[in-house]
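Reckoned from all heavy atoms, side chains included, excluding hydrogens, waters and symmetry mates. Below, chain A is the first sequence line, B the second, and so on; all start at residue 1.
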There are 4 protein chains.
Amino acid sequence: QCDLFIQEGARLGRTPAEVVSTCDITFACVSDPKAAKDLVLGPSGVLQGIRPGKCYVDMSTVDADTVTELAQVIVSRGGRFLEAPVSGNQQLSNDGMLVILAAGDRGLYEDCSSCFQAMGKTSFFLGEVGNAAKMMLIVNMVQGSFMATIAEGLTLAQVTGQSQQTLLDILNQGQLASIFLDQKCQNILQGNFKPDFYLKYIQKDLRLAIALGDSVNHPTPMAAAANEVYKRAKALDQSDNDMSAVYRAYIH
Amino acid sequence: QCDLFIQEGARLGRTPAEVVSTCDITFACVSDPKAAKDLVLGPSGVLQGIRPGKCYVDMSTVDADTVTELAQVIVSRGGRFLEAPVSGNQQLSNDGMLVILAAGDRGLYEDCSSCFQAMGKTSFFLGEVGNAAKMMLIVNMVQGSFMATIAEGLTLAQVTGQSQQTLLDILNQGQLASIFLDQKCQNILQGNFKPDFYLKYIQKDLRLAIALGDSVNHPTPMAAAANEVYKRAKALDQSDNDMSAVYRAYIH
Amino acid sequence: QCDLFIQEGARLGRTPAEVVSTCDITFACVSDPKAAKDLVLGPSGVLQGIRPGKCYVDMSTVDADTVTELAQVIVSRGGRFLEAPVSGNQQLSNDGMLVILAAGDRGLYEDCSSCFQAMGKTSFFLGEVGNAAKMMLIVNMVQGSFMATIAEGLTLAQVTGQSQQTLLDILNQGQLASIFLDQKCQNILQGNFKPDFYLKYIQKDLRLAIALGDSVNHPTPMAAAANEVYKRAKALDQSDNDMSAVYRAYIH
Amino acid sequence: QCDLFIQEGARLGRTPAEVVSTCDITFACVSDPKAAKDLVLGPSGVLQGIRPGKCYVDMSTVDADTVTELAQVIVSRGGRFLEAPVSGNQQLSNDGMLVILAAGDRGLYEDCSSCFQAMGKTSFFLGEVGNAAKMMLIVNMVQGSFMATIAEGLTLAQVTGQSQQTLLDILNQGQLASIFLDQKCQNILQGNFKPDFYLKYIQKDLRLAIALGDSVNHPTPMAAAANEVYKRAKALDQSDNDMSAVYRAYIH
């Protein structure tokens with residue numbers, strides 16, 4: 001998997017610790033809070049390679065508690081920490097059109113600006129560590145809930161004898177029209193659930209966003225309802241399909 | 001209220017029956033199923049003026065049962081019936097940018113085409129009576145649920161110490177960006193809930209869409225959750241504000 | 001179906017109107033608002049037989065608007081009206097252990113007291129017409145939501161490797177212990193969904209209770225969530241099974 | 001706080017480690033997963049006092065992952081571990097009428113039997129560590145969801161002009177009648193929310209039960225809806241009141 005990069009001049013690190021030892025700035029992106037912690041705190045983990053001046057940029061979408069804990073241990077060893085989760089999907093990543101939310105070490109954010117420009121169309125610096133995690137969870141909560149709503153609309157059209165294509169045409173004429181709406185409806189109309197954004201990850205983000213609301217006693221009934229629909233989709237083996245496969249929870 | 005139109009050459013009908021007697025094609029738009037029925041079936045109602053060849057176009061957003069019942073009584077008197085609910089809001093109406101969903105008498109739809117072109121940017125003919133009602137309820141269900149989701153996201157941002165403006169900026173950079181999202185967030189950021197689309201009407205449409213799902217045993221958990229949030233907003237006296245005032249259900 | 005009663009001395013009325021003409025007090029119990037209206041307002045309906053002094057007792061569980069409308073037309077013809085929906089199931093009905101909620105004509109309620117004593121263990125007089133409908137919907141809303149919760153608990157036990165029988169044993173030792181809890185869990189453990197209370201009727205009552213809340217802008221998120229689960233159960237062909245068959249919505 | 005016990009002959013341990021060093025069997029009960037972990041793993045925690053043969057019984061209601069982790073570390077030091085969360089409330093505790101769910105070391109369970117008999121009316125042994133946590137969360141999920149349903153029914157009665165006392169009388173006549181239903185309704189009717197079971201703890205249990213469902217992809221829409229209502233109650237400062245104070249989420 002790494003061969004292509006090595007041909008281009010990259011060097012291969014055998015462990016996270018080794019990578020961090022070798023590089024000034026290490027970027028990482030893993031799937032969930034547990035993986036993010038293991039990567040830093042596990043045997044031969046990032047923390048073993050952190051020395052004063054070393055920089056670690058975690059681009060995973062996790063909860064604020066996790067990222068705050070990681071920041072603390074890295075800073076306590078003299079390292080510099082930036083969280084920088086990305087909003088977008090596989091397609092946008094290929095096109096360098098991601099939106100990057102960053103928080104933590106402001107200087108490090110500025111040092112990363114050329115990298116971020118290569119990866120994304122824009123980036124935001126949001127202040128203290130944890131803010132990017134929170135903001136990203138909120139963005140993905142909105143996206144995940146809206147995706148469930150779209151699937152609910154398309155299936156209700158179908159079972160009441162309406163054309164799903166016409167529903168999409170109508171929505172595309174109105175003020176709700178967006179790239180997201182169009183692409184996700186196209187996925188469903190074509191039965192193409194190849195993952196741009198894994199269903200299991202949007203469900204994870206809904207779960208974490210609900211927990212975020214929980215931590216401040218803020219009700220999130222839409223996200224709670226959406227989360228239950230995604231759980232049904234996961235029970236129907238849609239975890240590794242695109243989030244638009246939540247559609248299948250409505251037809252089974 | 002009607003003086004301006006009369007100055008322009010319109011004639012005033014004292015009752016629905018009188019209007020229908022005078023005109024070839026009568027357009028009507030009222031707030032809910034009960035009002036739509038009363039207008040047709042009540043004393044001096046539309047039905048009293050219907051004769052063979054008279055045309056009645058109901059542009060209200062109601063349920064399919066109501067519109068089907070109205071179609072039947074009008075057709076049984078020799079009249080022609082078209083349902084033509086509109087998607088859009090006050091602003092779009094002023095700009096002649098509404099989307100019109102029509103169903104029923106196809107010939108009448110074609111006769112109305114110049115009128116529809118004046119009112120809206122586009123129109124769809126959806127077949128037999130009831131289809132436009134169903135489709136419109138689904139469109140508004142999607143819109144109403146998404147609105148609640150937006151409000152949920154903005155309030156969760158606020159209570160977790162994030163900038164609502166930044167959340168909007170991020171969303172506007174991503175694939176969810178839409179006129180609706182931007183305008184409704186602007187309303188909330190400015191605390192401006194002047195009605196473009198009355199909150200009480202989107203709640204009515206959610207209720208009718210849930211009933212539509214009920215009639216075919218189709219679960220609509222997102223709409224059900226949204227409906228409860230709008231009911232809370234109504235209890236907080238937001239009925240006559242814009243649908244974006246659902247935001248207030250999240251902060252009280 | 002009526003032969004047994006006729007052998008016991010009952011007379012058969014060919015139409016609702018004929019029954020009402022023959023009897024001083026007519027008792028009726030049908031499945032939903034539409035049936036209740038048709039029975040009274042339809043051709044050869046109850047209303048045709050109502051004369052001054054005739055009494056009509058509607059024991060159906062319907063909404064307050066329906067029962068109020070029926071009361072008005074019957075009273076306008078000089079009849080007397082009592083609504084008297086019953087709480088209970090087939091078993092309790094056989095045992096004469098129903099709970100009767102009555103409202104409307106107080107004198108008629110007293111005239112019916114011996115009949116009610118034969119049918120039920122107790123009855124309540126709740127004042128003006130509509131109150132019994134409202135109270136019954138609330139009682140059934142509580143019951144329907146609790147039933148969904150029980151099913152949710154039993155299925156969560158199963159999928160997490162716990163014994164459903166042990167869960168029931170634990171619940172039966174605690175303060176939640178009730179005949180309802182025990183019987184419905186037994187139904188589920190035995191896979192016996194013979195109807196005591198039809199699933200389609202408890203779903204109808206949830207729907208009407210939600211509408212009751214809607215009419216006063218009162219959120220009912222538990223009932224709304226339960227309603228969606230019952231709709232799924234109906235889509236799985238459980239309408240004519242007992243309400244405990246909502247269990248099946250959780251395992252498919 | 002401990003003086004009374006000391007007068008009765010108890011000895012005071014300064015730290016968890018000291019208590020465990022002194023006793024053969026240590027019983028502990030704290031509020032949530034974090035507290036349970038801190039007690040064992042923190043400085044001068046239980047783990048520092050564990051030696052071969054020492055027994056630790058954790059009676060807290062936590063999630064299965066937490067209790068499994070604690071069991072592993074204690075067993076790895078040669079200790080014996082039993083989880084034994086209790087179902088019940090303050091009143092039942094005073095009366096020695098708790099229901100105890102135990103899992104883990106079967107021999108230790110038997111050694112504790114006389115203690116458990118003093119504390120509770122009955123106990124269940126549920127097999128491997130984690131099972132008692134899961135079962136307790138399910139029991140409390142059922143209880144918490146039902147409590148929200150009761151509050152929803154009582155408030156809907158009130159806002160529609162019905163007597164809450166009469167609703168309780170009706171429910172007490174029917175098959176739903178239970179000590180829980182009666183006591184919680186009495187609390188609400190009397191506006192007495194003195195904690196028998198803290199609202200914040202039932203919300204925590206709902207949260208953990210939802211997470212349990214999440215871990216096996218099992219939808220729990222009733223618990224999810226209830227959880228949102230309790231979060232609103234917490235936002236209204238009801239955390240330290242009885243769980244019946246969820247009522248207040250429905251009237252504000």
Side-chain angles (χ1 to χ4, degrees), chain C residues 64 87-89 92 99 101 121-122 124 126 131 134-135 137-139 141-143 145-146 148-157 159-163 166-167 169-171 173-181 183 209 212-213 215-226 228-229 250, chain D residues 64 87-89 92 99 101 121-122 124 126 131 134-135 137-139 141-143 145-146 148-157 159-163 166-167 169-171 173-181 183 209 212-213 215-226 228-229 250:
Chain C
S87 178
N89 54 30
L92 291 175
V99 174
L101 307 188
K121 69 193 271 202
T122 187
F124 293 84
L126 301 172
N131 281 348
K134 289 175 189 172
M135 196 63 108
L137 290 177
I138 295 168
V139 167
M141 178 185 89
V142 170
Q143 200 167 44
S145 294
F146 187 37
T149 288
I150 293 170
E152 191 166 298
L154 285 172
T155 50
L156 185 54
V159 296
T160 57
Q162 306 307 306
S163 156
T166 303
L167 174 57
D169 293 343
I170 294 167
L171 290 169
Q173 291 288 329
Q175 299 199 311
L176 273 176
S178 69
I179 296 172
F180 183 84
L181 174 70
Q183 286 192 349
L212 176 62
S215 70
V216 290
N217 297 329
H218 190 68
T220 51
M222 299 300 293
E228 297 304 317
V229 183
Y250 280 98
Chain D
S87 178
N89 53 31
L92 292 175
V99 174
L101 306 189
K121 70 194 270 204
T122 187
F124 292 84
L126 300 172
N131 281 348
K134 290 175 189 172
M135 196 64 107
L137 291 176
I138 295 168
V139 167
M141 177 186 88
V142 170
Q143 200 167 43
S145 294
F146 187 37
T149 288
I150 293 170
E152 190 166 299
L154 285 171
T155 50
L156 185 54
V159 296
T160 58
Q162 307 306 305
S163 156
T166 304
L167 174 57
D169 293 343
I170 294 167
L171 290 169
Q173 290 289 329
Q175 299 199 313
L176 273 176
S178 68
I179 297 173
F180 183 86
L181 174 69
Q183 286 192 348
L212 176 62
S215 70
V216 291
N217 296 329
H218 190 67
T220 51
M222 299 300 294
E228 297 305 317
V229 182
Y250 280 99

Could you pull out the closest heavy-atom pair between [X] and [Y], with the gap in Å?
X	Y	value
C:T149	D:S145	OG1-CB, 3.5 Å
C:Y250	D:H218	O-CE1, 3.3 Å
D:Q173	C:V99	CB-CG2, 3.8 Å
C:L167	D:M135	N-CE, 3.7 Å

Contact part of [X] toward chain C, heavy-atom cut-off under 4.5 Å: side chain, backbone, both or neither?
X	result
D:E228	neither
D:V159	both
D:L101	side chain
D:P221	both
D:L92	side chain
D:S215	neither
D:N217	neither
D:A177	backbone

Look at the side chain of D:E152 and the backbone N and O of C:A223, then say whether any donor-acceptor pair between them is shorter than 3.5 Å. yes
Do the side chains of [Y] and [X] get nearer than 4.5 Å, heavy atoms only?
X	Y	result
D:V142	C:F146	yes
C:S87	D:Q175	no
C:I170	D:I138	no
D:S178	C:L181	no

Relative to chain D, which of C:G88, C:G174, C:G153, C:G161 shows the most heavy atom pairs under 4.5 Å? C:G153
Could you check which of C:T155, C:T166, C:L171, C:V139 has the highest count of heavy-atom pairs closer than 4.5 Å to chain D? C:T155
Give, for atom CD of D:Q143 and atom CG of C:L176, the distance between the pair rounded to the nearest 0.5 Å. 5.0 Å
Value rounded to 0.5 Å, distance of CD1 in C:I150 from CE in D:M222: 10.5 Å
Of all of D:V229, D:V216, D:L156, D:L137, which one pairs up most often with chain C through heavy atoms under 4.5 Å apart? D:L156
